[in-house]
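For the numbers below, each heavy atom of this structure counts, side chains included, while hydrogens, waters and symmetry mates do not. Numbers here simply count residues along the sequence, with the first being 1.
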Amino acid sequence: MHEKDMVLDVLSGSKASLGNYAKMIVECSCPNLRQTFQQMRDGDEKFQYDLYKLAEQKGYYKASAAASPQEITTVKTALSQSQTGSMV
């Protein structure tokens, strides 16, 4: 297996694990265990980002184009409205 394939495979697995942490954290009723999961997630998020940067530097991974300021504003507005609406 080539280095590129290994890096992309680990990157993909890391993304999946982060999703699992989110599920475990929101379903955990024990504060100490919840905090442990959050710390594990935080460490894995840093690892995933560092690996992403490495993959990008080596040309293994190309990120999508940056969003325009208008697109960012549109998403922020939609998220803000959905949060306001769900709290009522």
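Heavy atoms only, all atoms of each residue included: V7 and A55 are closest at CG1-CB, 3.8 Å. Closest non-hydrogen pair, L51 versus V10, comes out as CD2-CG1, 3.6 Å. Shown here for M40 and Y21, the closest heavy-atom pair between the two residues is CE-OH, 3.5 Å. Taking each heavy atom of S14 and D44 in turn, the nearest pair found is OG-O, 4.0 Å. Pairing each heavy atom of E56 with each of A63, the nearest pair is OE2-CB, 4.1 Å. The minimum heavy-atom distance between R41 and L18, with the atom names listed, is O-CD2, 3.7 Å.
In this structure, F47 CZ and L11 CG are separated by 8.5 Å, a value rounded to the nearest 0.5 Å.
Of the possible polar contacts, one joining the S82 side chain to the L79 backbone as a donor-acceptor pair under 3.5 Å is found. No donor-acceptor pair closer than 3.5 Å links the side chain of S80 to the backbone N or O of K76. Using a distance-only test at 3.5 Å, with no hydrogens or angles considered, a donor-acceptor pair links the side chain of T77 to the main chain of T73.
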>> Q48 vs K15, test: side-chain contact (heavy atoms from CB on, under 4.5 Å). Steps then yes/no.
In response: CA-CA 7 Å; Q48 187 276 337; K15 287 186 214 179; 4.0 Å; yes
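Using a 3.5 Å distance cut-off with no hydrogens or angles, the side chains of Q70 and T74 do pair a donor with an acceptor. Counting only N and O atoms by type, the side chains of Y60 and E3 include a donor and acceptor under 3.5 Å apart.
Between Y52 and Y61, the two ring planes are perpendicular [angle over 60°; tilted spans 30° to 60°].
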